[in-house]
Structures are given as structure tokens and as C-alpha cells.
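Worksheet for the structure shown next.
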Amino acid sequence: ELLLLADVGLLGFPNAGKSSLIRKLSSARPKVADYPFTTLHPNLGVVRLGRDRSFVIADIPGLIEGAAEGAGLGLRFLKHLARTRLLLHLVDVAPLDGAVDPADQVRKLERELRRYGEELPKKERWLVLNKTDLLPNAVYEARRARLLESLGWRGPVYGISALTGAGTGQLSEDLMRRLESLGSPAGNG
């Protein structure tokens, strides 16, 4: 059985925008559609920030509650996240279903990481709030503040639009710098 080797792993619920983000950052062209579980197989993309600066990002199928016990496609793909050096936790801050709580979704995926094993919860994880283009700035800022307070989040946080590319350039640069500071990456870094 082959395991993916990537520097950065994308973590998130179905339709959080993982495939859209990997398409925006790299030359990978995973299928993007407006329904859950569009991604059925992991996708790798190389993010190039110059001639000698690049890193590998892995888009795995969206996780659901119970993934660590084999629900959905989760167990098959959680193992790929174990090989990454950093996780980007992608969260839809403008869910179509108003009853969906982004903080609750983050907590559910954190539980899945803990259930899978000891190593995944220890990985460095950045929170990436996606679909900011769908919200007026004041609404986004209020949702961001509520989410961070609810989670007690202390790590890096980025607001992006994987669709328009807003915020993705800064995210890529900061990821590259962090990976360079961590040492030899899986890519060419």
C-alpha cells in the first residue's frame, strides 16, 4: 500500500472548498462540483513560489463524523494526513445551511483526528476560513471573531476565497516560509 508524501494536507468537511483551493494554488486539476464527496481519491499538487521554492499539498476526500471508525471514506484517507508536516483545516464560513455551525464542524474533525491516533492531533494545524467572497466584510469579521472565540483558537488563521483567489497568495507564501523553517520538505523546497 502506497502512502502519499506531501508537505501540507487539506482537512475539512465535504464542500469546504479543498479541491478549489488546490486548483487555485497548484497545477493540479481535481474535480470541483457543488455536491458532497466530489473528491473520491487523494489529489496532489505542487505549489511553486519561484524556481527553487515549492511544496506539495494533498487534497483528500472530505471527512465526516465517524471517519476514524471507517464512516464514509475517512479511514482510508486519514492515514495520508499522518505523512504531512502541516495541516490546513479548511472551514466554510458561509454555509448554505444556516443551521451549520463552523465551530462545531471544527470540533467534530478534531475529535476524528484524536480517534484516529496520537500523532494527528499533535500536527501543526492552521485554520483557513474559506468562501469569504460570499459575505460582506462586516459579516465575515463578526463570524471570524465568534468562531475563534468559541474555539479558543491560538494558531494561525487565514481568510480566503478559493474561488476568487483572495488571500491565497499570502497563505502560500506563509506556508512556504513555515515549511522552510521546519527543514527538508517532501517537495523541492
Side-chain angles (χ1 to χ4, degrees), residues 6 8-45 47 49 55 57-65 67 72-74 77 81 84 86-113 124-176 178:
V8 177
L10 296 178
L11 172 69
F13 270 85
N15 282 26
K18 296 177 302 300
S19 294
S20 295
L21 181 58
I22 201 170
R23 284 176 71 97
K24 187 57 75 176
L25 296 180
S26 74
S27 59
R29 292 292 168 252
K31 183 176 180 181
V32 173
D34 200 13
Y35 54 85
F37 299 107
T38 306
T39 302
L40 297 175
H41 306 286
N43 291 297
L44 290 176
V47 180
L49 285 100
F55 61 90
I57 190 166
D59 163 30
I60 67 163
L63 298 180
I64 59 171
E65 202 167 9
L73 301 169
F77 299 117
L81 293 176
T84 62
L86 190 145
L87 297 174
L88 291 186
H89 192 146
L90 212 60
V91 179
D92 180 350
V93 291
L96 292 175
D97 181 350
V100 171
D101 176 13
D104 186 47
Q105 288 196 321
V106 170
R107 285 193 276 282
K108 284 177 181 175
L109 285 183
E110 286 173 338
R111 281 193 297 274
E112 292 309 313
L113 293 178
E124 182 173 344
R125 191 164 38 103
W126 294 9
L127 195 60
V128 179
L129 309 179
N130 190 25
K131 303 185 184 180
T132 59
D133 58 306
L134 299 178
L135 301 172
N137 195 46
V139 173
Y140 163 69
E141 290 297 334
R143 286 187 185 183
R144 180 184 190 276
R146 267 195 321 271
L147 176 64
L148 298 181
E149 183 180 341
S150 176
L151 294 172
W153 189 266
R154 298 287 176 245
V157 181
Y158 291 82
I160 67 155
S161 168
L163 182 65
T164 68
T168 60
Q170 186 65 56
L171 175 62
S172 295
E173 276 294 333
D174 291 353
L175 282 168
M176 187 75 248
R178 179 63 181 139

*Kindly give the heavy-atom pair with the smallest separation between A58 and A6, and that separation in Å.*
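Nearest heavy atoms, A58 then A6: CB-CB, 3.7 Å.
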*Locate the shortest heavy-atom distance separating R178 from L86; write the atom from each residue and the value.*
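So the two residues come closest at CG-CD1, 3.8 Å.
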*Going by heavy atoms in the side chains, are L21 and I160 under 4.5 Å from each other?*
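Yes - at least one pair of side-chain heavy atoms lies under 4.5 Å apart.
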_V157 side chain near L148 side chain, heavy-atom distance below 4.5 Å_ =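 Yes, close enough: below the 4.5 Å cut-off.
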*asked:* Going by side-chain hydrogen bond (donor to acceptor under 3.5 Å, both in side chains), name the residues that satisfy it together with R107, two or more places apart in sequence or in a different chain.
replied: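 Checked R107 against side-chain hydrogen bond (donor to acceptor under 3.5 Å, both in side chains); matches are S150.
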*What residues form a side-chain hydrogen bond (donor to acceptor under 3.5 Å, both in side chains) with T168, not counting sequence neighbours?*
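Residues passing side-chain hydrogen bond (donor to acceptor under 3.5 Å, both in side chains) with T168: none at all.
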Atom pair [atom1] ([X]) and [atom2] ([Y]), whose distance is rounded to the nearest 0.5 Å:
X	Y	atom1	atom2	answer
L49	L175	CG	CG	9.0 Å
L10	S20	CG	OG	11.0 Å
L44	I22	CG	CD1	6.5 Å
L135	N137	CG	CG	9.5 Å

*Give a yes or no answer on whether the side chain of K18 reaches the backbone of F13 with a donor-acceptor pair at less than 3.5 Å.*
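Indeed, once roles are kept as given, a pair shorter than 3.5 Å links the two residues.
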*Could you give all pairs that pass the salt bridge (Lys or Arg N to Asp or Glu O under 4.0 Å) test and reach residues 151-169, with sequence neighbours left out?*
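Listed once each, the pairs would be none.
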*Where do L109 and L11 land on the side chain to side chain contact (heavy atoms under 4.5 Å, CB included) test, with the steps shown first?*
CA-CA 8 Å; L109 285 183; L11 172 69; 4.3 Å; yes
*asked:* Which residues pass the side chain to side chain contact (heavy atoms under 4.5 Å, CB included) test with A166, not counting sequence neighbours?
replied: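 With neighbours one apart ignored, the set is S161, T164.
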*Residues which pass side chain to side chain contact (heavy atoms under 4.5 Å, CB included) with L147, listed by chain and number, not counting sequence neighbours*: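 Scan of L147 (side chain to side chain contact (heavy atoms under 4.5 Å, CB included), adjacent residues dropped) gives P102, A103, L127, L129, L151.
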Non-neighbouring partners of [X] that pass salt bridge (charged side-chain N to carboxylate O under 4.0 Å, His left out), sequence neighbours left out:
X	result
D174	R177
R144	none
D104	K108

*Can you list every ring-ring contact (aromatic ring centres under 6.0 Å, His included) pair that touches residues 151-173, not counting sequence neighbours?*
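Sorted pair list: W126-Y158.
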*Show the numbers, then the answer: is there a side chain to side chain contact (heavy atoms under 4.5 Å, CB included) between D59 and S19?*
CA-CA 6 Å; D59 163 30; S19 294; 2.9 Å; yes
Can you give each donor-acceptor pair under 3.5 Å made by side-chain atoms of residues 87-96, sequence neighbours left out, with the distance rounded to 0.1 Å?
residue: H89; atom: ND1; partner: R125; partner atom: NH1; Å: 3.0
residue: D92; atom: OD1; partner: A94; partner atom: N; Å: 2.8
residue: D92; atom: OD2; partner: K131; partner atom: NZ; Å: 3.1

